[in-house]
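Each remark here refers to the structure printed beneath this line.
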Number of protein chains: 2
Amino acid sequence: MVEQRLDTTFRALADPTRRGMLASLALGDKSIGELGEPFAMSFAGAAKHVKVLESAGLIERCKAGRRQICALRPEPLREAEAWLKQWEKFWSVRLDRLEAAIDRDKKENPND
Amino acid sequence: MVEQRLDTTFRALADPTRRGMLASLALGDKSIGELGEPFAMSFAGAAKHVKVLESAGLIERCKAGRRQICALRPEPLREAEAWLKQWEKFWSVRLDRLEAAIDRDKKENPND
DNA sequence: TCGTTGTTCAACCATGTGGTTTATAATGCA
DNA sequence: TGCATTATAAACCACATGGTTGAACAACGA
C-alpha cells in the first residue's frame, strides 16, 4: 500500500546522510564508495545507508564491473510530496489570517 | 538549523499512527485520549506518539482543565514539502516523456 | 470529600538503527 | 598468477523506538 511506502520513504529521508546521498545522486550516478566518501564513515556504514535508500525504492543499483552504480529513482519522493500537499490548505489558512491581522493592524495604527 | 528540523519532521511522519493523528487533528483540535482512541493501544503509548509530534513542532498543546488539547501546527510540514519540491524537476522529466507519449497516442487515435 | 477521568512519569521489554570491525567474496589490472 | 579495489555479510555495540504496566497526580462532578 501507499501508506507503507510513505513509512519507508519518510524513514529514509529522516537522516541527513541519506538526504546528502540523494543530493549527490542528483548530480549524477555514483558508486557506493563515491556516495559514502564525503561522510567520514566506514564503507560498510555507507553501504547500510545505501541499502536503506534502495529498499525504500529511492535508488536503484546496477552492476558495472566490480562497482555498484546507484541512480536516483524519485517516484517515492513524488508520493511523499503529494501527501504533504494535502496540508497546504492548513498553512495557507494561517497565512491568510496572519495577513488579515496585519491589515487590521495597519488600519488601526497607520503610522507604525 | 533547517536540516535538523527536517530530520525530526520526516522521522515524525514515518509512522502511520502519527500521520493518522495529524489527519485527525486536521478535522479539529483533540485531546490525547481522543487522538489515541482509534489506534488500539494504551493511553501511555498514544501519549508517546503525541510527544514525538510535539517535539517535532507539528502540534502544540494547551491545558483545558484536566485535558490536554492538541492543535495542528503545519509549519514543519511546509518546510518538508519545500525540501521535496527540490526534486520536482527529476520526476517532471519523466512526466514530460509520459505526456508526450499520450499526446502522440491521441493524435493517432483521436476517438478514444 | 470521594470517586472518576485525563494525564504524566518511570521502569521495563523487544526490536530497530547507526555505527564499527573483520572476514570473505568478486572483479580488474600489472 | 598475484595484488589492489569494490562490495557483501556477519557479529557486535550503544542507543533510540514503540510498546507495555503500574503508580502517582490534577481536576471535575456528585
Side-chain angles (χ1 to χ4, degrees), chain A residues 1 3-25 28-72 76, chain B residues 1 3-25 28-71 76 80:
Chain A
M1 293 291 287
E3 273 295 302
Q4 225 169 0
R5 284 187 72 79
L6 285 175
D7 282 12
T8 55
T9 304
F10 283 133
R11 188 78 197 75
L13 294 180
D15 184 289
T17 303
R18 289 192 287 265
R19 289 200 304 277
M21 286 180 167
L22 289 179
S24 174
L25 282 178
D29 298 354
K30 296 213 170 50
S31 71
I32 299 180
E34 289 165 335
L35 277 177
E37 186 270 329
F39 292 109
M41 79 173 55
S42 69
F43 181 93
K48 278 198 182 181
H49 282 296
V50 169
K51 192 173 248 178
V52 172
L53 289 170
E54 189 193 16
S55 59
L58 285 163
I59 64 176
E60 65 185 356
R61 301 149 84 166
C62 62
K63 271 187 125 167
R66 69 185 154 187
R67 310 197 327 158
Q68 291 277 349
I69 301 302
C70 305
L72 199 58
Chain B
M1 294 289 287
E3 273 295 301
Q4 223 169 0
R5 283 188 73 77
L6 286 175
D7 282 11
T8 56
T9 304
F10 283 132
R11 188 82 198 73
L13 294 180
D15 184 290
T17 303
R18 289 193 288 265
R19 288 199 304 276
M21 286 180 167
L22 289 179
S24 175
L25 284 178
D29 298 354
K30 295 213 169 50
S31 72
I32 299 181
E34 289 166 335
L35 278 177
E37 186 268 329
F39 292 107
M41 77 174 58
S42 67
F43 180 93
K48 279 196 181 182
H49 282 296
V50 169
K51 192 173 249 178
V52 172
L53 289 170
E54 190 193 16
S55 58
L58 284 164
I59 65 176
E60 64 184 356
R61 303 150 83 166
C62 62
K63 271 187 123 165
R66 68 186 152 184
R67 310 197 326 156
Q68 289 280 347
I69 302 302
C70 306

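Below, each value reflects all heavy atoms present in this structure, side chains not excepted, and no hydrogens, waters or symmetry copies. A note on names: the letters A, B, ... follow the listed sequences, proteins ahead of strands, and every chain is numbered from 1.
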Task: From dT20(D), dT8(D), dA9(D), nucleotide with atom closest to Q68(A) side chain - done: dT8(D)
Task: Spacing of K48(A) atom NZ and T17(A) atom OG1 [to the nearest 0.5 Å] - done: 13.5 Å
Task: Minimum-distance nucleotide to R67(A) side chain [options: dG19(D), dA7(D), dG22(D)] - done: dA7(D)
Open item on the list: Check this one for me: any side-chain N or O of R11(A) less than 4.0 Å away from OP1 or OP2 of dA16(D)?
Closed with: no
TODO: Go through dT17(C), dG18(D), dA9(D) for me and flag the one nearest to the D15(B) side chain.
DONE: dG18(D)
Task: Heavy-atom pair of closest approach, residues A80(B) and L6(B) - done: CA-CD2, 3.9 Å
TODO: Compare the minimum distances between each of dA7(D), dT20(D), dT7(C) and the side chain of K48(B), then state the nucleotide with the smallest one.
DONE: dT20(D)
TODO: Search all heavy atoms of L25(A) against all heavy atoms of K30(A) and return the closest pair with its distance.
DONE: CD2-N, 3.7 Å
- [ ] Looking at every strand, decide which applies to S31(A) at a 4.0 Å heavy-atom threshold: base, sugar-phosphate, or nothing.
- [x] sugar-phosphate
TODO: Output yes when at least one side-chain N/O atom of R61(B) is less than 4.0 Å from OP1 or OP2 of dT8(C), else no.
DONE: yes
Open item on the list: Need one value for A44(A): base, sugar-phosphate or nothing, where a base atom within 4.0 Å counts as base even if backbone is also close, heavy atoms only.
Closed with: base
Task: Inter-residue atom distance S31(A).OG - E37(A).CD, 0.5 Å rounding - done: 10.0 Å
Open item on the list: What contact category does G45(B) fall into here, base, sugar-phosphate, or nothing, at under 4.0 angstrom with non-hydrogen atoms?
Closed with: base
Task: Candidates dT27(C), dA27(D), dT6(D) - which lies nearest the side chain of K63(B) - done: dA27(D)
Open item on the list: For dT5(C), does the base pair up with any side-chain atom of R66(B) as donor and acceptor (N or O, under 3.5 Å, distance only)?
Closed with: yes
Open item on the list: Considering every strand and a 4.0 Å limit on heavy-atom distances, what is the contact class for G33(B): base, sugar-phosphate, or nothing?
Closed with: sugar-phosphate
Open item on the list: For dG19(C) and S42(A) - does any side-chain N or O of the residue sit under 4.0 Å from the phosphate oxygens OP1/OP2?
Closed with: no
